[in-house]
Amino acid sequence: MLAIRLPEPIEQRLNALAQETGRTKTTLAREAILEFIDDLEDYYLAEARARKNRKTIPLADVERQLGLGG
């Protein structure tokens, strides 16, 4: 069970969308949360995999390869 208070402008938008689509505010909120969680999970999983597989190169090597060493 989750109860949230929304700022009035968001509440108005949610009410309007619910009326326009014939869906309940609960259904719309649930769909929005699920989509957001899916996106967040994808992002964090990709970030974790990237960190795990990331090979680091010392700055001095990068500078030398780019001709920036002095």
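Rounding to the nearest 0.5 Å places CG of N15 at 8.0 Å from CD of Q12. In this structure, L66 CG and D61 CG are separated by 11.0 Å, a value rounded to the nearest 0.5 Å. With rounding to the nearest 0.5 Å, the separation of OG1 in T21 from CD in E31 is 8.0 Å.
Hydrophobic cluster membership for L17: L2, I4, L6, I10, L14, L28, I33, I37 (Ile, Leu, Val, Met, Phe, Trp, Tyr linked by side-chain heavy atoms under 4.5 Å, directly or transitively).
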> Does the pair R5 and E11 meet the rule for a salt bridge (Lys or Arg N to Asp or Glu O under 4.0 Å), with working shown?
Replying inline: CA-CA 9 Å; R5 287 200 180 276; E11 182 75 27; over 6 Å; no

> Between Y44 and L40, is a side-chain contact (heavy atoms from CB on, under 4.5 Å) present by the stated rule, with each step listed?
Replying inline: CA-CA 6 Å; Y44 285 121; L40 225 72; 3.5 Å; yes

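Annotation for E8: atom CD counts as buried by contact number, over 12 foreign heavy atoms lying within 6.0 Å.
Residues L59 and I57 fall into different hydrophobic clusters, defined by Ile, Leu, Val, Met, Phe, Trp and Tyr side chains chained together at heavy-atom separations under 4.5 Å.
Residues passing the salt bridge (Lys or Arg N to Asp or Glu O under 4.0 Å) test with E35: none are found, sequence neighbours excluded. Taking the side chain to side chain donor-acceptor pair (under 3.5 Å) definition, one finds that E63 meets it with nothing, sequence neighbours left out.
Of all the heavy atoms in A18 and K25, the pair that sits closest is CB-CG, 4.0 Å.
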